[in-house]
Amino acid sequence: MASKHCTSRSLFGSLLQTTPHRSTALPPPFLLPAFAQSTPFSTTSPVSSKPTKKWNNSTRGMSAIKRSGLNKRIKLSVDLAKLPRPVLDPSLRSQVQVDPNHGLYGFFNTTRDALMSPEQLHAHGRGWTVQELRVKSWDDLWRLWWVSALEVNRIKTYEQERERVRAGYGAYEAEGRLKEVRSTQKAVRHVLTERWYAWEAARVAAVEDPEVDLFPPSGGRGFVPGRGNEEEDVKTEKLPFQEALGSYQPGVGSGQQPTAP
Amino acid sequence: MATELATQSARAPFKIGLKQVHLPTFSISLHRTPHLSPSYAQFSVPLWFSKLDLRDYLYNAYAVRCVSIRSYIKLQRLTQGSPTGLNGESNPRPQYKRWHRPRSLKRMTVELESPFVWPEELGREVLDEKFDKGQMERAERGQEEMQRGMGSDGDTVVDETRRRRMREQAKELLEGRAKWKPVGNPAFGRVSGR
């Protein structure tokens with residue numbers, strides 16, 4: 001037989017049901033105290049002064065993947081109705097203000113064309129020759145190298161864009177232009193290498209050369225003409241025993257007997 | 001040199017490296033990226049390049065400041081052909097069975113401090129006028145047809161134009177509008193008899 005939990009409701013219900021009727025008689029007096037008491041099964045009171053804290057997860061059921069939307073308790077700083085909407089029509093979008101002196105314009109020619117035509121690419125002279133560059137300083141050669149390097153980047157950028165767009169002819173002209181620029185760079189490197197070899201040969205010769213001082217004192221000159229000749233006139237310092245002996249030289253037999261001191 | 005480096009590092013938004021490269025031999029190229037926002041620029045760089053190298057190069061050579069860089073290596077598909085062309089040709093011809101995978105390409109996408117927009121693309125008329133695009137397309141189509149005729153099933157290729165012209169010529173001859181003449185090479189002399 002199922003046992004019934006003796007909650008207050010069930011007790012009240014049983015009390016209401018057991019109205020004084022002729023057929024149904026009141027419960028016997030010794031059982032009245034049992035009905036008068038309201039003893040719930042649970043020891044904790046159902047209505048407490050302090051409301052119980054809900055330990056539930058506030059983001060329960062919220063999923064970005066399932067597109068569930070936001071829970072009611074979630075409060076955003078921005079009103080969802082006032083969110084900015086994307087402008088789908090490209091013609092209505094605001095134009096980007098590009099800095100006229102932007103560094104990336106270095107990848108384009110002076111007229112800033114999207115593509116260089118074969119005529120534009122072909123309009124170039126010959127590269128610098130080694131003879132012409134031999135008289136140039138390191139600063140000039142270095143600058144020329146970098147000008148050439150940026151031009152190579154420019155040509156490569158235009159080549160790549162022309163192939164992407166399948167514009168047409170221009171590969172031959174670009175190749176010719178690139179060839180001249182690279183020949184300039186080669187000539188610069190040639191001249192610098194020549195200079196280095198000359199310097200290296202001079203350094204090796206200076207090691208043997210007495211007139212050159214490779215480690216001069218501060219304020220002194222590296223090239224001292226006539227430096228090697230001075231060593232013949234230099235007098236050697238005499239040691240104490242040599243001074244005592246005087247003109248006597250041991251091991252030199254002259255036939256003369258040494259005189260008594 | 002030390003003072004130059006010091007002033008350079010004081011001005012740069014990042015720490016300048018100590019290694020100085022005076023005469024670089026590599027090159028980089030800028031790509032047009034309409035699918036990216038104007039704050040981004042994409043470059044083709046050498047395979048050994050690093051993000052730090054690119055940031056330094058752009059700052060020193062082009063005075064372009066970067067916020068962030070991401071790199072991507074594009075693997076090339078297998079091809080039948082000599083890895084390097086003869087006499088330094090740019091597009092080596094395909095060679096049967098010489099399978100190899102060409103060197104991978106490295107691309108780097110840079111987030112710029114200042115946005116940049118490419119110059120507008122040229123229209124079809126300008127391309128036809130300056131690059132002769134129409135002529136190139138016709139030449140490519142002609143080459144394609146020729147190569148199809150030289151292939152393994154070249155005998156299945158039918159020249160519809162020639163068929164139509166022959167039909168027209170036959171019609172002209174039958175209707176009497178044209179008179180048949182022997183076609184021969186004048187260098188061989190006149191055909192005797194007929």
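Just so we're on the same page: letters track the sequence lines, and every chain starts at 1. Note that these values count all heavy atoms, side chains included, but never hydrogens, waters or copies made by symmetry.
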Can you tell me if CD on Q131(A) sees more than 12 non-hydrogen neighbours from other groups inside 6.0 Å?
no
Could you go through L23(B) and W142(A), starting from their C-alpha distance and side-chain angles, then the distance that decides it, and tell me whether this counts as side chain to side chain contact (heavy atoms under 4.5 Å, CB included)?
CA-CA 7 Å; L23(B) 307 168; W142(A) 193 27; 3.9 Å; yes
Would you please test Y57(B) and N153(A) for side chain to side chain contact (heavy atoms under 4.5 Å, CB included) and show each step?
CA-CA 12 Å; Y57(B) 186 80; N153(A) 290 350; 2.9 Å; yes
In Å, rounded to the nearest 0.5 Å, how long is the span from NE2 of H22(B) to CH2 of W145(A)?
13.0 Å
d(K156(A) NZ, S27(B) OG) to nearest 0.5 Å is 3.0 Å
When you look at NZ of K136(A), are more than 12 heavy atoms from neighbouring residues, nucleotides or ligands closer to it than 6.0 Å?
no
Does Y172(A) OH have over 12 foreign heavy atoms under 6.0 Å away?
no
What's the spacing between W118(B) CH2 and E161(A) CD if we round to 0.5 Å?
4.5 Å
Please rank G134(B), S114(B), A61(B) by heavy-atom pairs under 4.5 Å with chain A and give me the top one.
S114(B)
Would you say W146(A) and P24(B) make side-chain contact, with heavy atoms under 4.5 Å?
yes
What residue, out of L127(B), L112(B), D132(B), I28(B), has the most heavy-atom pairs lying under 4.5 Å from chain A?
I28(B)
M62(A) atom CE, over 12 foreign heavy atoms within 6.0 Å:
yes
Quick check on P38(B) against chain A: is it the side chain, the backbone, both or neither that has a heavy atom closer than 4.5 Å?
side chain
Atom CZ of R165(B): over 12 foreign heavy atoms under 6.0 Å
yes
Cut-off 4.5 Å, heavy atoms of chain A, and the answer for E140(B) is side chain
Top of R164(A), R112(A), Q97(A) for chain B proximity - count of heavy-atom pairs under 4.5 angstrom:
R164(A)
Got a sec: does the CD of E160(B) have more than 12 other heavy atoms crowding it under 6.0 Å?
yes
Largest heavy-atom contact set with chain A, pairs under 4.5 Å, which of L58(B), L30(B), V64(B)
L30(B)
Contact origin within I155(A) toward chain B - heavy atom pairs under 4.5 Å:
neither
Which one, H31(B), R124(B), K130(B), leads in non-hydrogen pairs under 4.5 Å with chain A?
H31(B)
Between V117(B) and chain A, with a heavy-atom cut-off of 4.5 Å, which part of the residue counts as in contact: side chain, backbone, both or neither?
both
Of the listed V165(A), D99(A), L115(A), V152(A), the one with the largest count of heavy-atom pairs under 4.5 Å with chain B is L115(A)
Which answer fits Y158(A), side chain, backbone, both or neither, if we ask what part of it has an atom under 4.5 Å from a heavy atom of chain B?
neither
Let me see the working for F43(B) and L104(A) under side chain to side chain contact (heavy atoms under 4.5 Å, CB included), right down to the final yes or no.
CA-CA 11 Å; F43(B) 300 91; L104(A) 287 182; 3.7 Å; yes
Measure distances from T25(B) to the heavy atoms of chain A and classify the residue's part below 4.5 Å as side chain, backbone, both or neither.
both
Value for CZ (R166(A)) from NZ (K133(B)), rounded to nearest 0.5 Å, stands at 7.0 Å
Is it the case that more than 12 heavy atoms not belonging to E208(A) sit under 6.0 Å from its CD atom?
no
Give a yes or no on this: more than 12 heavy atoms of other residues, nucleotides or ligands lie within 6.0 Å of atom CD of E120(B).
no
Given a strict heavy-atom distance threshold of 4.5 Å, which part of N101(A) is in contact with chain B: side chain, backbone, both, or neither?
neither
